[in-house]
There are 2 protein chains.
Amino acid sequence: MSTATRTSRSRRVAAAVAVPDDETLAAMAKALAHPARVKILRVLDARTTCVTGDVVTEVGLAQSTISEHLRILREAGLIQGEIEGPRTRYCVSSAGLASLKAGIAAL
Amino acid sequence: MSTATRTSRSRRVAAAVAVPDDETLAAMAKALAHPARVKILRVLDARTTCVTGDVVTEVGLAQSTISEHLRILREAGLIQGEIEGPRTRYCVSSAGLASLKAGIAAL
DNA sequence: ATCGGTTATCGTCGATTGACGATGGAGGAA
DNA sequence: TTCCTCCATCGTCAATCGACGATAACCGAT
């Protein structure tokens, strides 16, 4: 418990963080269970936003491999990408990340 | 951060949490990347300590499978087990878990 | 309409994972 | 000693992962 001292029957104050169950937490952990994906998260966080090509350059793996890692992170809800013309812009999902943090912190 | 408000150049107060690099963080996440292992952590936390057989009963997988999961968690530094006569007693490694939490929180 | 740049998806291959039963060793009890 | 219990390890099998090149789809500009 850190931000939310206010728990029980009070008004919803600010973004109730979803606490994931075992299954979901494991899935999110699995998405992080690869150095390249951890690095991708850091890259996205540092630049606040980038297109796939930027990530390919930064991480140094094949484009198809990066695209796959991005898919895994996206399906885990840790990042989100929006199509922007011919390219796709990715950013970390603060909601998803918060959920992961909450789940880990609750251990 | 929860326990340690005291950070910088003060005397080392209580267990400076090691912040893991990408590789290590990924390895710890990988250890959590399975529902059974998440559950095992919860079981250990709830009972503060248990022998392998208890975990087998609680989780409901084959003894060899549980033993393997315990090994993975142990090698990731998330739990520690001490041999106690004919059985092995496992408990959560607060240091390892703190390291994981720090790594995740730093994302 | 066609071309060039940017991504996602497909197919493949070797490596790793996860599950289980079987085996073996280390302790306590008889 | 001789059991019996508890646990880790081994061997095996199917399933999944990770990386890559090749291909296709999509869009903007020419």
* Asked: In residues 58-73 of chain A, what residues come within less than 4.0 Å of DNA chain C, judged by heavy atoms?
  -> A/Gln63, A/Ser64, A/Ser67
* Asked: Taking atom CD1 of B/Ile40 and atom CG of B/Asp45, what is their separation to the nearest 0.5 Å?
  -> 13.5 Å
* Quick one: label A/Arg37 by what it contacts on the DNA or RNA (base, sugar-phosphate, nothing), any heavy atom closer than 4.0 Å. => sugar-phosphate
* To do: Give me the first and last nucleotide of DNA chain D, going 5' to 3', that has any atom under 4.0 Å from a heavy atom of chain B.
  => D/dC6 to D/dT9
* Hphob cluster co-occupancy, A/Leu107 + B/Val59, side-chain heavy atoms under 4.5 angstrom -> yes
* **Given DNA chain C, 5'-ward residue of the pair A/Asp54 and B/Pro86, judged by closest heavy atom** => A/Asp54
* To do: Could you tell me whether the side chain of A/Glu23 reaches within less than 4.5 Å of the side chain of B/Val38, counting heavy atoms only?
  => no
Do any side-chain atoms of residues 69-77 of chain A form donor-acceptor pairs under 3.5 angstrom with protein atoms, and if so which ones, sequence neighbours left out?
unit_1	atom_1	unit_2	atom_2	d
A/His69	ND1	A/Arg37	NH1	3.0
A/Arg71	NE	A/Glu68	OE1	3.3
A/Arg71	NH1	A/Glu75	OE1	3.0
A/Arg71	NH1	A/Glu75	OE2	3.2
A/Arg71	NH2	A/Glu68	OE2	2.7

May I have the list of side-chain donor-acceptor pairs in residues 24-34 of chain B shorter than 3.5 Å, sequence neighbours left out?
unit_1	atom_1	unit_2	atom_2	d
B/Thr24	OG1	B/Asp21	OD1	2.6
B/His34	ND1	B/Ala36	N	3.1

* To do: Determine, stepwise, if the pair A/Leu41 / A/Val92 fulfils side-chain contact (heavy atoms from CB on, under 4.5 Å).
  => CA-CA 7 Å; A/Leu41 268 194; A/Val92 314; 4.0 Å; yes
* Value rounded to 0.5 Å, distance of CD in A/Glu58 from CZ in A/Arg47 -> 5.0 Å
* **Segment of DNA chain C, first to last nucleotide, that comes within the 4.0 Å heavy-atom reach of chain B** => C/dT17 to C/dG28
* Structure fact -> Rounded to the nearest 0.5 Å, the CG atom of B/Leu44 sits from the OG atom of B/Ser93 at a distance of 11.5 Å
* With A/Val56 via side-chain contact (heavy atoms from CB on, under 4.5 Å) - residues at least two apart -> A/Thr52, A/Gln63, A/Ile66
* Asked: Does anything in residues 94-106 of chain B pair up under side-chain hydrogen bond (donor to acceptor under 3.5 Å, both in side chains), and if so which pairs, sequence neighbours excluded?
  -> none
* Asked: How would you list all residue pairs meeting ring-ring contact (aromatic ring centres under 6.0 Å, His included) that involve residues 72-96 of chain A, not counting sequence neighbours?
  -> none
* Structure fact -> Sorted by chain and number, sequence neighbours left out, side-chain contact (heavy atoms from CB on, under 4.5 Å) with A/Ala106 holds for none
* To do: Indicate yes or no: at least one non-hydrogen side-chain atom of A/Leu100 is less than 4.5 angstrom from one of A/Leu78.
  => yes
* Selection: residues 27-35 of chain B, any non-hydrogen atom under 4.0 Å of DNA chain D -> none
* Asked: Looking at CD1 of B/Ile104 and CD1 of A/Ile104, how far apart are the two atoms once the value is rounded to the nearest 0.5 Å?
  -> 5.0 Å
* Asked: For DNA chain C, which residues in residues 77-84 of chain A have a heavy atom at a distance below 4.0 Å?
  -> none
List the atom pairs, with distances to 0.1 Å, where a side-chain N or O of residues 79-87 of chain A and a protein N or O form a donor-acceptor pair under 3.5 Å, not counting sequence neighbours.
unit_1	atom_1	unit_2	atom_2	d
A/Glu84	OE1	A/Arg89	NE	3.2
A/Glu84	OE2	A/Arg89	NE	3.1
A/Glu84	OE2	A/Arg89	NH2	3.0

